[in-house]
Amino acid sequence: MNFDLSDEQKMLAEQARGLLGERSTPDHLRSLIESGAEWDEPLWREIAGMGFLGAAIPEEFGGLGLTELDLGVISEEMGRANVALPFFSSIVLAADAIRLTGSAAQKAAWLPKLASGEAVGTFAYVEGAGGWTGPALKATFEGGALNGVKTPVADAGVATVAVVLARAEGKPALVLVNLDQPGVTRTRLDSFDQLRPHYALTFANASAELLAGQAIEELFDRAVVQAAFEAVGGADACLTMARDYALERAMFGRPLASYQAIKHKLADIAVALELARSNAYFGGWAAGESPDDLPAAAAAARLTAISAFERAARENLQVHGGIGYTWEANCHFYYRRERTLAISLGSREAWADRLIAHLPGTQAKAA
Amino acid sequence: MDFNDTPEEAAFRAEARAWLDASAPAHEVPEGVKLDDADEVRRGRAWQRALYDGGFAGITLPKALGGRGGTVIEGVVFAEEEARHRLPKGPYMGIGLGMAIPVIGKHGNDTQRARFIDRTLKGELTWCQLFSEPSAGSDLANLRSKAVRDGDDWIVNGQKVWSSWAHESDWGILVVRTDPTVPKHKGLTFFVVDMKTPGIEVRPIKQISGASDFNETFLTDVRIPDANRIGAVGEGWACCMTVLMGERLGSGSSKSGMMPIIEYAAATPRGAGTALDNSAVRLALAEALAEERGGKYFEARLRTMVSRGENPGALAGMVKLAYAGRQQRALGLAMEIRGPEALAPSAGDAATHDLQYDYIWSTVMRIAGGADEVLKNQIAERVLGMPGDVRFDKNVPFDQL
Ligand SMILES: Cc1cc2nc3c(=O)[nH]c(=O)nc-3n(C[C@H](O)[C@H](O)[C@H](O)COP(=O)(O)OP(=O)(O)OC[C@H]3O[C@@H](n4cnc5c(N)ncnc54)[C@H](O)[C@@H]3O)c2cc1C
């Protein structure tokens with residue numbers, strides 16, 4: 001047993017942290033929002049050049065062929081810098097869906113473009129308030145034509161291709177749609193996370209193709225592990241921000257950080273964060289090395305990462321007091337990103353059910 | 001990163017399992033049987049002797065000290081395999097193995113090592129920890145028991161409290177004040193003491209569970225030979241730190257945790273199904289289980305650090321801090337899940353009787369071995385780099401406090 005990142009992974013983390021920290025500064029993020037930008041396109045080009053987009057894409061399709069855990073290391077840094085990039089949509093979801101379930105031709109058509117950043121992908125699964133499972137899944141794929149409305153869909157403004165969850169022959173299936181065609185309408189929505197714009201996508205006889213294999217659950221499991229890494233990065237950033245502010249701000253003649261109410265609050269967050277990080281590591285390892293462990297590992301990583309980020313984002317703002325509620329303090333970026341991660345890819349209850357349903361060696365299975 | 005055994009670890013696991021399968025059954029404690037303390041300790045000693053004879057006592061202890069000289073991970077592997085059996089293990093052996101041996105090994109002299117370590121590994125000596133006092137718990141260095149030099153002996157007077165299993169111990173590790181004129185951490189000295197020495201009186205304390213695992217220990221003109229002093233005069237605090245470090249990094253072999261509680265919910269009837277069919281119950285239990293898994297992998301990260309020679313320091317307290325609160329909440333929830341029957345289970349319902357006991361017991365984990373608040377202070381100060389608490393006793397001689 002050796003349960004630590006390798007030296008190469010630590011270097012990768014450092015490299016990603018350095019670059020993203022330098023480019024994705026709070027001032028830069030504010031200016032992106034103020035200018036109504038869809039995303040940070042120059043940074044996207046830059047990280048593509050560094051190979052981050054293709055990290056986990058096989059070499060034969062233009063990627064670096066690294067592991068899920070390597071990708072996790074990058075995801076954590078994306079979360080720490082709260083980037084305005086469609087990394088999660090394009091790489092963690094769309095590219096992974098195509099890699100997992102695409103035919104040789106589908107992979108050859110899209111993976112190299114996604115790896116190079118030339119194409120951007122997204123994943124469209126929700127259909128409004130009803131969710132996306134059971135009868136709520138209304139979008140249909142029939143005879144090469146996709147019909148229906150998927151909303152909200154992250155990063156659909158800049159995406160060129162979408163993996164869409166639709167009903168094919170009565171069953172849920174993943175289909176691949178080029179978004180640059182007349183059958184597709186994109187409507188920008190009022191997005192809670194201003195750095196991750198969401199859209200409604202309307203498909204009217206859009207031409208689409210079925211992804212060859214189908215592995216919807218595995219795709220979700222793998223993606224929530226990456227989302228957990230992202231949440232861990234965000235939580236860590238919040239904890240550091242809160243600590244640094246508390247060290248700097250004095251009141252009643254002593255630093256805010258010297259009060260136990262503050263120390264204990266941050267200690268609790270530090271504990272939650274390390275538990276979450278450890279689950280994310282195991283999830284990343286399991287996704288690559290031990291698929292039988294993946295469902296429970298993914299669910300556990302999801303539950304702990306979201307609760308750590310939730311606490312960290314809320315208390316970070318709280319520790320900052322009034323200034324925390326200002327546009328100029330940077331707490332709000334994480335406060336919004338946290339909810340975005342918490343709500344994407346399914347609720348707490350759904351992941352709790354998945355964990356209970358995949359307990360090893362017990363009679364205790366969920367209904 | 002790899003969570004699987006290396007080939008060497010797998011070989012060690014196979015060896016340990018084969019040996020345990022052959023040796024453990026004769027020592028197992030039947031389920032549902034409550035032993036009296038003396039019988040329990042007798043069995044614990046016998047099992048420790050079997051471990052010694054089998055070459056599995058002190059797995060990570062260096063060979064020079066009579067241990068096996070194994071790796072940190074081998075220690076974990078053995079504990080995992082051992083936990084598959086119901087063996088008599090308790091503080092009556094753990095304090096000797098996990099506290100007395102490390103402190104004697106590190107701060108003692110060769111004569112002391114030869115005298116105590118091997119016999120403890122064999123299960124011939126059981127130990128208690130005589131640290132806490134009525135006014136020295138979290139603030140351990142505030143202790144008042146004192147020792148005064150008298151020729152080759154020290155004469156000790158004072159009162160210790162919460163001494164687990166002192167009533168069944170052969171020896172105690174003891175910290176007392178030898179110089180009240182210096183600041184409180186500086187005037188302490190560490191001893192080992194034979195519990196049969198005249199002047200030691202152990203009085204049981206009745207606990208909230210009804211049991212009496214711990215005691216008050218009164219020391220009246222107790223003579224301890226200077227040969228039983230561990231480390232230099234005035235260096236007792238460093239010895240205490242060695243002991244407390246050992247106390248924090250658990251072995252991970254614990255059978256308690258969320259799985260039994262989830263199974264209990266799955267076995268508790270509710271309407272047409274079980275309590276676990278209820279989504280609120282599933283959510284609460286799954287969140288706690290997810291945290292528990294995080295704790296397990298976090299421990300694996302700490303062990304990886306330790307196996308590289310790094311010291312996890314205050315990080316080690318995180319595991320217990322998270323575990324203790326979670327366990328208390330989850331056991332409380334389990335009682336709610338049972339409903340009114342949890343208040344008065346029928347005679348044959350052993351699981352619910354255990355639950356009542358475990359809920360009471362869960363309070364201990366948040367106090368003993370470093371209370372929650374104290375661990376949080378350490379994490380804030382040593383992991384996050386936040387300022388220390390305001391202290392009014394710093395650098396003040398003890399006798400002027
Ligand atoms: C079952 C059990 C077995 C034990 N076995 C042994 C044994 O074998 N040998 C032995 O020597 N001792 C033993 N102990 C004692 C144990 O180490 C102490 O109980 C523990 O250190 C807490 O000390 P205390 O009980 O005096 O509580 P106190 O120190 O009085 O703490 C009371 C409360 O104050 C809080 N507090 C303390 N300091 C601070 C601070 N700076 N800031 C904020 N809050 C603070 C604590 O967290 C706690 O909530 C045992 C205890 C128990 C419960």
Side-chain angles (χ1 to χ4, degrees), chain A residues 1-6 9 69 239-240 243 246-247 254-255 257-258 260 262-268 270-272 274-282 284-286 289-290 293 296-297 299-305 307-308 348-349 351-356 359 361-367, chain B residues 1-6 9 73 76-77 259 262-267 273-274 276-277 279-280 282-287 289-305 307-308 315 318-319 321-322 372-373 375-381 383-390:
Chain A
M1 195 196 80
N2 165 15
F3 211 61
D4 190 13
L5 299 179
S6 65
Q9 285 162 338
L69 199 54
L239 177 59
T240 305
R243 194 268 318 261
L247 282 171
R254 46 194 267 219
S258 70
Q260 271 195 2
I262 302 295
K263 286 165 72 175
H264 286 192
K265 193 200 292 272
L266 298 193
D268 281 335
V271 172
E274 289 311 327
L275 301 188
R277 193 194 305 277
S278 307
N279 269 330
Y281 284 178
F282 186 73
W285 177 78
E289 307 293 327
S290 189
D293 286 324
R302 165 71 169 196
L303 291 169
T304 47
S307 66
R348 208 184 281 262
E349 301 83 58
W351 289 102
D353 284 351
R354 188 149 177 82
L355 179 54
I356 299 287
L359 296 176
T362 163
Q363 276 38 276
K365 303 281 184 200
Chain B
M1 181 170 308
D2 195 348
F3 216 68
N4 292 323
D5 289 339
T6 62
E9 286 157 9
I73 309 299
V76 175
V77 166
M259 282 310 296
I262 291 172
E263 283 172 1
Y264 182 78
T274 76
L276 197 62
D277 296 331
S279 66
R282 275 206 303 279
L283 177 59
L285 294 179
E287 291 209 303
L289 178 69
E291 269 189 38
E292 174 176 274
R293 291 173 58 111
K296 176 176 154 196
Y297 304 130
F298 181 61
E299 274 195 282
R301 288 169 56 203
L302 296 182
R303 290 204 184 95
T304 301
M305 285 174 73
S307 64
R308 291 185 186 145
L315 287 174
M318 288 185 165
V319 179
L321 180 59
D372 279 9
E373 290 71 19
L375 295 179
K376 286 183 197 182
N377 281 348
Q378 289 176 359
I379 292 164
E381 291 165 24
V383 179
L384 299 177
M386 298 171 80
D389 275 12
V390 177

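Order of the sequence lines sets the chain letters (A, B, ...), proteins ahead of strands, with each chain counted from 1.
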Enquirer: Which pair of heavy atoms, one from B:Ala322 and one from A:Val271, lies closest together, and at what distance?
Expert: CB-CG1, 3.8 Å
Enquirer: Taking side chain as everything from C-beta outward and backbone as N, CA, C, O, which of these in B:Glu9 sits under 4.5 Å from a heavy atom of chain A? Side chain, backbone, both or neither.
Expert: side chain
Enquirer: With a 4.5 angstrom heavy-atom cut-off, is it the side chain or the backbone of B:Ile73 that approaches chain A, or both, or neither?
Expert: side chain
Enquirer: Which bit of A:Leu239 comes within less than 4.5 Å of chain B, counting heavy atoms only: side chain, backbone, both or neither?
Expert: side chain
Enquirer: Heavy-atom cut-off 4.5 Å, strictly under: side chain, backbone, both or neither for A:Ala297 against chain B?
Expert: both
Enquirer: Of all the heavy-atom pairs spanning A:Leu266 and B:Met386, show the shortest one and how long it is.
Expert: CD1-CE, 3.7 Å
Enquirer: Count the heavy-atom pairs under 4.5 Å between each of A:Glu289, A:Gln9, A:Arg302, A:Arg277 and chain B, then report the option with the highest count.
Expert: A:Arg277
Enquirer: Give a yes or no answer on whether the side chain of A:Asn279 reaches the backbone of B:Ala290 with a donor-acceptor pair at less than 3.5 Å.
Expert: yes
Enquirer: Heavy-atom distances under 4.5 Å only: say whether B:Val390 touches chain A with side chain, backbone, both or neither.
Expert: side chain
Enquirer: For the residue pair B:Thr304 and A:Phe3, what are the closest heavy atoms and their distance?
Expert: OG1-N, 2.9 Å
Enquirer: Please report the interatomic distance OH(B:Tyr297) to OG1(A:Thr304), rounded to the nearest 0.5 Å.
Expert: 10.5 Å
Enquirer: Among B:Asp5, B:Asp389, B:Thr6, which has the most heavy-atom pairs under 4.5 Å with chain A?
Expert: B:Asp389
Enquirer: Looking at every heavy atom in both A:Leu303 and B:Ala286, which two are closest together, and how far apart are they?
Expert: CD1-O, 3.9 Å
Enquirer: For chain A, find which of B:Leu283, B:Ile379, B:Asp2, B:Val77 contributes the most heavy-atom pairs closer than 4.5 angstrom.
Expert: B:Asp2
Enquirer: Less than 4.5 Å to any heavy atom of chain B: does that hold for the side chain of A:Arg243, its backbone, both, or neither?
Expert: side chain
Enquirer: Which residue, A:Lys263, A:Lys265, A:His264, A:Gln260, forms the side-chain contact (heavy atoms from CB on, under 4.5 Å) with B:Lys376?
Expert: A:His264
Enquirer: What distance separates B:Arg293 CZ from A:Leu275 CG, expressed to the nearest 0.5 Å?
Expert: 13.0 Å
Enquirer: So for B:Glu373, is it side chain, backbone, both, or neither that comes closer than 4.5 Å to the heavy atoms of chain A?
Expert: both
Enquirer: Drop me the distance from A:Leu359's CG to B:Ile262's CD1, to the nearest 0.5 angstrom.
Expert: 5.5 Å
Enquirer: Looking at B:Arg303, B:Arg308, B:Arg301, which one forms a side chain to side chain donor-acceptor pair (under 3.5 Å) with A:Asp4?
Expert: B:Arg308
Enquirer: Tell me, side chain or backbone of B:Leu384 under 4.5 Å from chain A's heavy atoms, or both, or neither?
Expert: both
Enquirer: For A:Leu5, which atoms come within 4.5 Å of any heavy atom of chain B: side chain, backbone, both, or neither?
Expert: both
Enquirer: Heavy-atom distances under 4.5 Å only: say whether B:Ser279 touches chain A with side chain, backbone, both or neither.
Expert: neither
Enquirer: Quick check on B:Asn377 against chain A: is it the side chain, the backbone, both or neither that has a heavy atom closer than 4.5 Å?
Expert: both
Enquirer: Taking atom NZ of B:Lys296 and atom OG of A:Ser278, what is their separation to the nearest 0.5 Å?
Expert: 12.0 Å
Enquirer: Under a 4.5 Å heavy-atom cutoff, which of A:Gly284, A:Ala246, A:Ala296, A:Ala276 has the most pairs with chain B?
Expert: A:Ala296
Enquirer: Which heavy atom of A:Leu247 sits nearest to which heavy atom of B:Gly385, and what is that distance?
Expert: CD2-O, 4.0 Å
Enquirer: Please work out whether the ring planes of A:Phe282 and B:Phe3 are parallel, tilted or perpendicular, with thresholds of 30° and 60°.
Expert: perpendicular
